[in-house]
There are 2 protein chains.
Amino acid sequence: MASTKILIIDDEQDVIDLLSLHLRKAGFALSMATDGATGLRMAREEAPALIILDLMLPKMPGLEICKVLKTDAATRDIPVLMLTAKAEEIDRIVGLEFGADDYVTKPFSPRELVLRVNAILRRGKGESTEEKKLSIGPITLDPARHHVDVGGKPVRLTSVEFKLLSMLMRRQGRVQERDRLLNEVWGYESIIDTRTVDTHVRRLRKKLGKAADAIETVRGFGYRIREAKR
Amino acid sequence: MASTKILIIDDEQDVIDLLSLHLRKAGFALSMATDGATGLRMAREEAPALIILDLMLPKMPGLEICKVLKTDAATRDIPVLMLTAKAEEIDRIVGLEFGADDYVTKPFSPRELVLRVNAILRRGKGESTEEKKLSIGPITLDPARHHVDVGGKPVRLTSVEFKLLSMLMRRQGRVQERDRLLNEVWGYESIIDTRTVDTHVRRLRKKLGKAADAIETVRGFGYRIREAKR
DNA sequence: CCCGCTTGTCAAAGATGCGTCACGATACGC
DNA sequence: GCGTATCGTGACGCATCTTTGACAAGCGGG
């Protein structure tokens with residue numbers, strides 16, 4: 001990995017130190033900015049491969065910066081990884097579509113962060129793993145538009161249901177055990193009951209209607225989605 | 001799940017008891033150390049898959065231990081899960097970051113702890129040791145998707161049957177005696193009747209249909225699976 | 001401020017798998 | 001060929017896991 005450059009925009013020195021440590025260890029080159037204006041300038045000038053952006057910044061809010069980044073042609077294609085304080089903010093980011101490519105909630109585990117960074121960069125190289133529509137049987141899922149339909153008819157899913165379904169579809173055929181789903185769908189901080197997964201699976205099945213049986217129960221392990229038939 | 005080893009470094013007996021109880025129940029093998037020096041030694045000698053480290057230790061502070069662990073080449077790659085007493089310390093830990101991979105604040109919920117442990121271990125495995133498909137004769141077994149088929153046709157196996165089959169297939173050609181099967185399929189120290197193995201082998205054969213004879217009985221010893229013919 | 005939607009929790013009901021047993025079948029030693 | 005040890009088979013009750021429906025708290029919108 002020939003030193004991919006990452007730009008960090010954050011005002012807290014602790015966080016910067018932490019990020020630096022682990023990202024350096026992972027073999028990345030770094031730039032830092034402690035305020036939004038500087039961050040934007042550096043993004044344009046240095047053309048980093050990825051930007052890590054704190055949602056809470058003095059003066060200019062992170063979302064605003066993200067918006068600008070995604071508007072400017074020079075920086076539009078640079079993936080943005082958001083740092084957010086609370087899990088609740090996640091939905092707003094995803095929902096309002098400010099263009100962030102991923103997010104990590106504070107406090108985060110360093111390992112998780114590096115993993116995400118790598119994942120995003122890999123995505124960029126692979127040229128469209130993320131934006132691609134997924135479809136299995138009659139179910140079609142469009143990540144970009146947060147949209148799902150079954151047999152051509154649109155289905156309204158809630159945030160959790162959507163994440164759950166897209167997670168299952170991305171890993172189609174492979175069994176996802178409950179706690180894994182918890183970690184990936186509900187995020188790093190969750191301490192919720194694993195039985196809750198069942199409830200949401202049930203709601204999903206209900207909404208999927210005739211395609212409900214696409215989600216198979218693997219007793220003693222978890223759930224998986226039926227393989228696409230060829 | 002063949003007994004992954006976890007090292008606990010903590011001086012409070014209560015905490016150790018609590019951790020032991022739940023981690024054992026979750027199927028892990030454990031080692032314990034009540035002080036830092038011993039902990040470090042054991043980490044080097046036993047090469048555990050994960051270390052749970054209390055931040056507050058007599059004599060040597062947890063952070064110091066973490067630092068040493070992350071410096072030593074022999075232990076550098078072992079993930080560390082920190083136990084911290086107060087939420088306020090989180091920021092300091094994150095800020096100072098001596099390389100811990102995750103942390104849990106006391107008092108912690110057992111469920112949360114086990115969840116985190118599993119999550120960390122999964123991460124380590126995820127990228128590197130991608131589970132390989134196994135196939136012998138007409139039988140194909142895919143660990144990732146919990147799927148088996150015989151001559152192209154899928155076969156529905158239950159949890160125990162699946163584990164039993166994959167164990168036999170991993171050790172193809174070699175005879176597996178009952179006790180051994182009991183230990184690996186049913187987990188640590190199982191107290192079930194050895195005849196039970198027969199029952200499950202029978203069920204397996206039944207489900208495998210025409211490929212049933214792939215499992216050979218070795219009278220007086222146990223079972224083995226036929227070598228792959230080429 | 002109220003209302004509806006979303007979401008996590010819980011308990012009861014339902015489904016499935018698992019371990020055990022008894023008995024018949026088979027292999028092995030003599 | 002006989003007896004004994006070992007293995008295969010089918011049935012059965014219990015335990016566990018999953019499903020289901022209902023409920024309440026939280027949040028946002030009108």
Side-chain angles (χ1 to χ4, degrees), chain A residues 86-96 146 148 155-165 167-168 175-179 181-183 185-187 189-209 212-225, chain B residues 25-27 109 111-112 115 146 148 155-165 167-168 175-179 181-187 189-209 212-224:
Chain A
K86 296 176 185 179
E88 303 134 33
E89 295 179 11
I90 293 174
D91 292 330
R92 277 173 57 202
I93 296 171
V94 175
L96 296 177
H146 250 252
V148 172
V155 174
R156 253 181 59 99
L157 294 185
T158 69
S159 165
V160 174
E161 287 157 4
F162 186 84
K163 280 188 235 165
L164 183 58
L165 180 61
M167 159 105 187
L168 284 169
V175 173
Q176 305 301 314
E177 46 286 297
R178 286 187 169 64
D179 52 355
L181 288 168
L182 275 178
N183 269 288
V185 174
W186 276 261
E189 279 287 297
S190 66
I191 354 166
I192 63 172
D193 198 322
T194 59
R195 299 279 102 223
T196 300
V197 177
D198 300 8
T199 302
H200 283 277
V201 167
R202 171 174 153 268
R203 288 172 182 154
L204 239 182
R205 282 175 171 158
K206 211 167 190 174
K207 289 195 180 179
L208 291 180
D213 59 346
I215 302 175
E216 295 175 325
T217 304
V218 182
R219 177 171 262 258
F221 292 90
Y223 296 95
R224 78 168 161 212
I225 207 150
Chain B
K25 212 169 66 182
S109 92
R111 195 172 50 211
E112 180 190 9
L115 262 172
H146 245 263
V148 172
V155 175
R156 258 181 58 106
L157 294 186
T158 68
S159 167
V160 174
E161 288 157 5
F162 189 86
K163 279 190 238 167
L164 182 59
L165 180 61
M167 158 103 189
L168 285 168
V175 176
Q176 305 300 317
E177 51 278 334
R178 287 187 166 61
D179 304 350
L181 287 169
L182 277 175
N183 269 295
E184 301 227 8
V185 174
W186 278 261
E189 297 290 325
S190 50
I191 345 163
I192 61 171
D193 196 334
T194 61
R195 306 306 326 286
T196 300
V197 178
D198 300 2
T199 303
H200 284 280
V201 167
R202 172 183 148 263
R203 287 175 181 153
L204 239 182
R205 282 174 170 160
K206 206 168 190 175
K207 290 194 179 177
L208 291 180
D213 58 347
I215 302 175
E216 296 174 329
T217 304
V218 182
R219 199 180 177 81
F221 295 92
Y223 298 94
R224 80 169 160 206

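Heavy atoms only: backbone and side chains are in, while hydrogens, waters and symmetry mates are out. In this text the structure is predicted, and so the values were computed from the model without any measurement. Note on naming: letters A, B, ... go to the chains in the order of the sequence lines (proteins, then strands), and numbering restarts at 1 for each one.
The phosphate of D:dT6 has neither OP1 nor OP2 within less than 4.0 Å of any side-chain N or O from B:Y223. Between B:H200 and the phosphate of C:dG19, there is a side-chain N or O to OP1/OP2 separation shorter than 4.0 Å. Between B:T158 and C:dC18, a side-chain N or O to OP1/OP2 separation shorter than 4.0 Å is present. Checking the phosphate oxygens (OP1, OP2) of C:dG17, no side-chain nitrogen or oxygen of B:S159 falls inside 4.0 Å. For D:dG8, one of the phosphate oxygens OP1 or OP2 lies less than 4.0 angstrom from a side-chain nitrogen or oxygen of B:R205. At least one side-chain nitrogen or oxygen of A:W186 sits closer than 4.0 Å to the OP1 or OP2 atom of C:dG8. Between A:T199 and C:dG8 there is no side-chain N or O to OP1 or OP2 distance below 4.0 Å. Distances shown here put a side-chain N or O of B:R156 below 4.0 Å from the OP1 or OP2 atom of C:dG17.
Using cut-offs of 30° and 60° on the angle between ring planes, the pair B:H146 and A:F221 is tilted.
Computed from coordinates, the B:R202 CZ to C:dT26 C1' distance equals 16 Å when rounded to whole Å. Put simply, CG on A:L182 is 14 Å from P on C:dT7, counting in whole angstrom units. Note: CG (A:D179) to P (D:dC17) measures 13 Å, nearest angstrom. Atom-to-atom, NZ of A:K207 to C1' of C:dC5 comes out at 9 Å; the value is rounded to the nearest Å. Atom P of nucleotide C:dT6 and atom CG of A:L204 are separated by 13 Å, given to the nearest angstrom. Atom P of nucleotide C:dA12 and atom CZ of A:R195 are separated by 16 Å, given to the nearest angstrom. Following rounding to the nearest Å, A:R203 (CZ) and C:dT9 (P) show an atom-to-atom distance of 11 Å. Between B:D198 atom CG and C:dG19 atom C1' the separation is 12 Å, expressed in whole Å.
Contacts of B:T217 with the nucleic acid, taken as non-hydrogen atoms under 4.0 Å apart, involve only primed sugar atoms and P, OP1 or OP2.
Residue B:R219 places a side-chain atom within donor-acceptor reach of the base of D:dT6, judged by atom type and a 3.5 Å distance cut-off alone.
The closest donor-acceptor contact from the side chain of A:K163 to the backbone of A:W186 lies at 3.5 Å or more, if one exists at all. Using modelled atom types, no side-chain atom of B:R224 and backbone atom of B:V218 make a donor-acceptor pair closer than 3.5 Å.
Summarising the geometry, atom CG belonging to A:L182 is positioned 9.5 Å from atom NE2 belonging to A:H200; distances are rounded to the nearest 0.5 Å.
Side chain of B:K206, nearest nucleotide from D:dG8, D:dG10, D:dT18: D:dG10.
Nearest approach of A:D213 to A:E216, heavy atoms of both residues: O-CG, 4.1 Å.
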